[in-house]
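Heavy-atom basis, side chains included; hydrogens, waters and symmetry copies ignored.
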Amino acid sequence: MQLRISFILILVSLVSFSQEDRIVYSNNKDIVHLFFDSPITQSSASGSFTFEYDPYDNPQKGMLKGMKKLKKDDANLLIETKDGHYYSITVSYKKKLSQPNYYIAIKDAINYEEGDENKKSDISDNSNLEQDNEAKDNARLEKIAREEAEASRKEIERLIAEENTRKEELNRETERLRKESERITAEQNARQEAERARVEAERTAAKEKARLEQLKREQKARQDAEIARNNEAKRIATENKAKQEQLAKAQKARLEAENARKEAERIAAEEKAKLENLKREQKARQEAEKSKKEAKRIAAEELARKERFKKEEEARQKAERNRIEAERLANEEKLKLEQLKKEQKARQEAEKARQEAERIAAEEKAKLEDLKREQKARREAEKARQEAVRIAHEEKTKQDAEKARKEAEKEKAKRQELEAKLLAKENEEKARIEAERIAAEEKAHNDRVQAELVAKEKLVKKNKEIKLKNKCEAISKQTSFFKRENYRGNYLGFHLMDILSDKNNLYLYFEVANHSKQSHKVESLTYTITHESKGKRKDSNTKRIQPIYSYQVPSIIRASKFERFVVVFDKFKLKSKRIVKVDFVDIHGLKLTLLINESLINKPNKI
């Protein structure tokens, strides 16, 4: 409603829309504006045209536009306004628009009745209420912005607290791993010392035995120590890699928290910018209102000046006519007096010279005729002068009127140009706000789609893990299987229980049995595709493979117990003379190796 006054002068220049001709032309390139006396409440458009309006910002204006795939058939547009009137408008396609703006009067409504124009005053009476509602909306928007800023601040504080907690947990975990490493190193040193003492005792006790056996035992001890050192180096490298991964995860979490904080600050800045834009828009409306009042005041002053100038001109013309009439009467009186004096003098002369009366009478008669002709000529000259003065005055009046008309036209053009600039600026501001709103909606939509995709991927991954877990659980419960033993020492046995497959996956079912009286912790399980020479020659095509899912892989093998577990791989085939090598290493460096040939891998049992 506040913009209604600023559009009054523009609405004067809009095309009149009669009840007999309800056709509005539009296309898919230009936007056609329709202005109504009352705010729009509902609209419906048929065919290939769209009609939009903003119920909060200037609801009396609607925008009509055709779609890209525009059919060149006529369509119907039905509009309902707040005052209860309905407008039925025919929309037709036109390639080039001669008029982009239309003003729709109340009398063009299909339910128009005499006296409906008086209802507009009731709508204007509600302007104060709408202004109050707009102020409440602004206050509500400010409150929402403050609440969102407070929520963003609390969220940032929560993220910072979580980050600090994660840092503390990471420090504790690092300290625990360091202590564990020191303990393991101490145990390893103690074992090495004990092993050296044992070797030395055996060497002293069996010194009388064959020196060759003693050398073999020492060589075996050195090999075991080398293997232990290698295993320790591998374990330390694995721990370092795990630490690096944990640090990378912590860094990633910090970056995500920082991005969230920046996003919250950006949203707060955008909300602040929106509030400032609303304030600037309100200020622009107030300035437009002041400009309108100033234009009305200037127009009233101009009208009063013209009326005053007209009255002064009429007074000057009347005074000039009175002066001319007075001069004419004075001249006539003067002529009459002169004529009377001359006649009296003539009578006296005629009385004195009665003898020359005939001659003097004849001369006097001739003089009188000359005098009459002279008086007639003077009167005609005086009339000509008065006519020239009148014509000159009229010409001057016309020039003054033409000058005043040109000045009024210039003033009107300036006002129209100022109003056009104000309208263009207001439309530009609205377009910018609309573009920002569309960009925000697009970003929200993209974020929502991205979140849905991530949730869908997580759900697919979770469903896949559930299916693999169910299949692995079923495999671990089976009772019929082949048992292939690759290695069995005095302490541990490593067995391949079964190999199964479905459409996409390969399932390896293993068993690790502990025949000793102490527990063994699992250090690592590695899977490698290599040549069947079993390491006697170096193979450059050796390939490490990783399982996609592991079911119940043990971390410790209890004394006199056995553990069974299932490892799942993406289904694959082995080439000729290729095997799968499975290495089981405990924490003390004991290594068990299981070799699976190509016939078992390429022809597994079906699930």
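Counting heavy atoms from C-beta on, the side chains of Val568 and Cys472 come closer than 4.5 Å. Here the side chains of Tyr53 and Ile79 are not in contact, with every heavy-atom distance at 4.5 Å or above. The side-chain heavy atoms of Leu496 and Leu600, taken from C-beta on, include a pair separated by under 4.5 Å. Using a 4.5 Å heavy-atom threshold, the side chains of Thr50 and Leu64 count as separate. Under the 4.5 Å side-chain criterion, counting only non-hydrogen atoms from C-beta, Lys241 is not in contact with Thr238. Contact annotation: the side chain of Asp30 never approaches that of Tyr25 to less than 4.5 Å [non-hydrogen atoms, C-beta and beyond]. The shortest side-chain heavy-atom distance between Ile601 and Phe572 falls under the 4.5 Å cut-off. Side-chain contact between Asn58 and Asp54 is absent, with no heavy atoms from C-beta onward closer than 4.5 Å.
A donor and an acceptor atom, one from each side chain of Arg285 and Gln282, are nowhere located under 3.5 Å apart. Side-chain atoms of Asn504 and Asp570 include no donor-acceptor pair closer than 3.5 Å. Using modelled atom types and a 3.5 Å distance limit, the side chains of Asp502 and Tyr507 yield a donor-acceptor pair.
Lys467 pairs by the side chain to side chain contact (heavy atoms under 4.5 Å, CB included) definition with nothing, not counting sequence neighbours. Residues satisfying the ring pair (Phe, Tyr, Trp, His ring centres under 6.0 Å) test with Phe565, not counting sequence neighbours, are Phe510. Looking at residues two or more places apart in sequence or on another chain, you find no ring pair (Phe, Tyr, Trp, His ring centres under 6.0 Å) involving Tyr551. Applying the salt bridge (Lys or Arg N to Asp or Glu O under 4.0 Å) rule to Glu428 yields no partners; only residues at least two apart in sequence or on another chain are considered. For Tyr549, there are no ring pair (Phe, Tyr, Trp, His ring centres under 6.0 Å) partners, not counting sequence neighbours. The ring pair (Phe, Tyr, Trp, His ring centres under 6.0 Å) search around Phe569 returns Tyr527, not counting sequence neighbours. With sequence neighbours excluded, the residues that form a side chain to side chain donor-acceptor pair (under 3.5 Å) with Arg448 are His445. Residues satisfying the side chain to side chain donor-acceptor pair (under 3.5 Å) test with Glu180, not counting sequence neighbours, are Arg183. Residues passing the side chain to side chain donor-acceptor pair (under 3.5 Å) test with Gln192: none are found, sequence neighbours excluded. Residues satisfying the side chain to side chain contact (heavy atoms under 4.5 Å, CB included) test with Thr41, not counting sequence neighbours, are Glu80, Lys82. The side chain to side chain contact (heavy atoms under 4.5 Å, CB included) search around Glu162 returns Arg158, Leu159, Arg166, not counting sequence neighbours.
Under a 3.5 Å cut-off, the side chain of Ser516 and the backbone N or O of Gln518 do form a donor-acceptor pair. Side-chain atoms of Asp583 do not come within 3.5 Å of backbone N or O of Thr526 as any donor-acceptor pair. The main-chain N or O of Lys577 is found under 3.5 Å from a side-chain atom of Glu598 such that the two form a donor-acceptor pair. The closest donor-acceptor contact from the side chain of Asp498 to the backbone of Tyr509 lies at 3.5 Å or more, if one exists at all. Under the 3.5 Å distance criterion, the side-chain polar atoms of Lys606 are left unmatched by any main-chain donor or acceptor of Leu500. In terms of modelled atom types and a separation under 3.5 Å, the side chain of Asn514 and the main chain of Arg558 share a donor-acceptor contact. Lys591 places no side-chain N or O within 3.5 Å of a backbone atom of Val585 that could act as its donor or acceptor partner.
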_salt bridge (Lys or Arg N to Asp or Glu O under 4.0 Å), that's the test. Do Glu173 and Arg176 meet it? Break it down for me._
CA-CA 5 Å; Glu173 184 66 19; Arg176 187 186 67 78; 2.4 Å; yes
*Walk me through it: do Glu457 and Lys461 pass the test salt bridge (Lys or Arg N to Asp or Glu O under 4.0 Å)?*
CA-CA 6 Å; Glu457 290 178 357; Lys461 186 176 180 181; over 6 Å; no
_Using the rule given for side chain to side chain contact (heavy atoms under 4.5 Å, CB included), can you reason through Arg191 versus His588, listing the C-alpha separation, both sets of side-chain angles and the distance that settles it, and then say yes or no?_
CA-CA 9 Å; Arg191 283 195 299 272; His588 301 298; 3.4 Å; yes
*Could you give me the CA-CA distance, side-chain angles and deciding distance for Ile499 and Asn605, then say whether side chain to side chain contact (heavy atoms under 4.5 Å, CB included) is met?*
CA-CA 6 Å; Ile499 299 180; Asn605 296 325; over 6 Å; no
*Just do the side chain to side chain contact (heavy atoms under 4.5 Å, CB included) check on Ile40 and Phe51 with the steps written out, would you?*
CA-CA 11 Å; Ile40 302 171; Phe51 182 81; 4.0 Å; yes
*Evaluate the side chain to side chain contact (heavy atoms under 4.5 Å, CB included) criterion for residues Glu258 and Lys262: first the C-alpha distance (whole Å), next the side-chain angles of each, then the deciding distance (0.1 Å), finally the verdict.*
CA-CA 6 Å; Glu258 182 66 20; Lys262 291 180 179 179; 3.5 Å; yes
*Starting from the C-alpha separation in whole Å, work towards a yes-or-no answer on salt bridge (Lys or Arg N to Asp or Glu O under 4.0 Å) for Glu163 and Arg254.*
CA-CA 7 Å; Glu163 182 65 20; Arg254 286 195 296 272; 3.6 Å; yes
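Rounded to the nearest 0.5 Å, atoms CD1 (Ile433) and CG (Asp57) are 7.0 Å apart. Residue Gln552 holds its CD atom at 8.5 Å from NZ of Lys469, rounded to the nearest 0.5 Å. Rounding to the nearest 0.5 angstrom, the gap separating the NE2 atom in His515 from the OG atom in Ser560 is 9.0 Å. Rounding to the nearest 0.5 angstrom, the gap separating the CG atom in Asp447 from the CD atom in Gln450 is 8.0 Å. We find the CD1-OG1 distance between Ile579 and Thr528 to be 9.5 Å, quoted to the nearest 0.5 Å. Atom CD in Glu523 sits 10.5 Å away from atom CG in Leu525 (nearest 0.5 Å).
One finds no salt bridge joining Lys425 and Glu429 here, because no Lys/Arg side-chain nitrogen approaches an Asp/Glu carboxylate oxygen to under 4.0 Å. Between Glu473 and Lys477, at least one side-chain N (NZ, or NE/NH1/NH2) sits under 4.0 Å from a carboxylate O, which counts as a salt bridge. The residues Glu465 and Lys471 are annotated as not salt-bridged, no charged nitrogen and carboxylate oxygen being separated by less than 4.0 angstrom. By the 4.0 Å N-to-carboxylate-O rule, Glu511 lies close enough to Arg564 to be salt-bridged with it. A salt bridge between Glu200 and Arg196 is absent, with no side-chain N of the basic residue lying under 4.0 Å from a carboxylate O of the acidic one. By the 4.0 Å N-to-carboxylate-O rule, Arg178 lies close enough to Glu175 to be salt-bridged with it. For the pair Glu434 and Lys430, the salt-bridge criterion is not met [side-chain N within less than 4.0 Å of a carboxylate O].
Pairs passing the salt bridge (charged side-chain N to carboxylate O under 4.0 Å, His left out) check and including a residue from residues 225-237, sequence neighbours excluded, read Glu226-Arg229, Glu232-Arg235, Arg235-Glu239.
Residue Lys571 qualifies as enclosed at atom NZ: its count of foreign heavy atoms under 6.0 Å is above 12.
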